[in-house]
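Input: a single structure, listed below in structure tokens.
Both counts, for ligands and for their atoms, begin at 1 and track the order of listing. Everything numeric in this text was worked out from a predicted model, so none of it was measured.
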Amino acid sequence: MAPTAKLLLADLASSGVKQIPSNYIRPISDRPNLSDVQISDGSIPLIDLHGLNGPNHSTIIQQIGRACQRDGFFQVKNHGIPEEMISIILDIARQFFKLPESERLKNYSDDPTKTTRLSTSFNIKTEQVSSWRDFLRLHCYPLEDYVHEWPSNPPSFRKDVAEYCTSVRGLVLRLLEAISESLGLERDCIDKKLGGHGQHMAMNYYPPCPQPELTYGLPGHTDPNLITILLQDDVPGLQVLRNGKWIAVNPIPNTFIVNIGDQMQALSNYRYKSLLHQAIVNCEKERVSIASYCYPSDDAMIGPAKKLVDKDHPAIYKDFTYSEFHESMWRVKCSTAKRLDLFKAARAD
Ligand code: OGA
Ligand code: NI
């Protein structure tokens, strides 16, 4: 009997394929170089948030500012999210991706405008090469608008994910205050400027891959949002580009990875950097990561904060709304690293 085509990668991967299908194979010039990667030896800073509201306040703000400016990425510990909650959310994601195919498919959609959906790769309707990933994408703020759309299996999914999202939002708000302060802005500046911002989540599932040298879990991209809080399990895979070299960000239990997105790069007038990153896969172990993305509201005016613009620091970007940015993301085909260039300010010189 001819095998039926699988909508989800998990079901293709678990069928024991020895070679990846041709639609996953990247051109030779665009493959992960699995051997030429620098191991992160603390080069992505690990920042201890203990004492952020106390005696270590100014030291931590300085560390955050330096990390956003130099690395675009940092890790945090003592972030206030309990270890138990972290293990529960990773577990619930694993359980979800292990549900029978028919149960998972109830959530399937290839329409990127849907606010809750399970899908595969990145955008299978438009992309030329697929990526070795399934993902469940959820809108999660305000919770009450979306929670009823979420999967109801595993039975504790809605409760566990809602609790996690609420905790992550608390962390995001503290980080936005710290980042505002590190830029020399009022503490509530970013929160106010981006008013009522949204939160989305992607649960990423990367099955073991028989030929990891030919494909990506997620190809190099910058995040289009404001900041991202990423939780990864204990399997390495995330890499960040620095000075033309991919650096592995290997997992440290109970820490989160924080990265600057495109909107923060614009708001900070390019002081803070939204850097390219990618996820590679391996032939032995499945990998789960959970990304929480903080977004401006659609009508929020982005563009450089006025306080960061002066004679010596002319505005690099013009003012634009988040919905203009979002719309151009779908309309204009360009690498994600070039997306913000469409909103560069006209220079007098
Ligand atoms: C993302 C992302 C990396 C990972 O979801 O935007 O960069 O390791 N994920 O899953
Ligand atoms: Ni990303």
Exercise. Where's the contact between R133 and ligand 1, heavy-atom distance under 4.0 Å: side chain, backbone, both or neither?
Worked result: neither
Does [X] come within less than 4.0 Å of [Y], counting only side-chain N to carboxylate O?
X	Y	answer
D319	K306	yes
E101	K6	yes
R94	D91	yes

Is ligand 1 less than 4.0 angstrom away from at least one heavy atom of [X]?
X	value
H277	yes
Q278	no
Y293	yes

Seminar exercise, completed: Among non-hydrogen protein atoms, atom 3 (C) of ligand 1 lies closest to L238 CD1, 3.9 Å
Seminar exercise, completed: the protein heavy atom lying closest to atom 8 (O) of ligand 1 turns out to be R287 NH2, 2.9 Å
For this session: Just to the nearest 10 degrees, tell me the angle at the Ni ion (ligand 2) spanned by H221 NE2 and D223 OD1.
Result: 90°
Any idea which atoms of ligand 1 are less than 4.0 Å away from a heavy-atom of [X]?
X	value
Y206	4 (C), 10 (O)
D223	6 (O)
L218	1 (C), 2 (C), 5 (O), 7 (O), 9 (N)
N204	5 (O), 10 (O)
A291	5 (O)
S289	4 (C), 10 (O)

For this session: Might you work through the ring pair (Phe, Tyr, Trp, His ring centres under 6.0 Å) test for H200 and Y293, ending with a clear yes or no?
Result: CA-CA 5 Å; H200 302 183; Y293 310 100; 7.3 Å; no
Problem set entry | Verdict with supporting geometry, W150 and V161, side-chain contact (heavy atoms from CB on, under 4.5 Å) | CA-CA 9 Å; W150 293 358; V161 176; 3.5 Å; yes
For this session: Report yes if some heavy atom in the side chain of N282 is under 4.5 Å from a heavy atom in the side chain of V235; otherwise report no.
Result: yes
Problem set entry | Spacing of CD1 belonging to I92 relative to CE belonging to M203, to within rounding of 0.5 Å | 7.5 Å
For this session: Spell out, as yes or no, whether a donor-acceptor pair under 3.5 Å connects the side chain of Q265 to the backbone of S274.
Result: yes
Exercise. Where do W132 and Y206 land on the ring pair (Phe, Tyr, Trp, His ring centres under 6.0 Å) test, with the steps shown first?
Worked result: CA-CA 6 Å; W132 201 260; Y206 305 100; over 10 Å; no
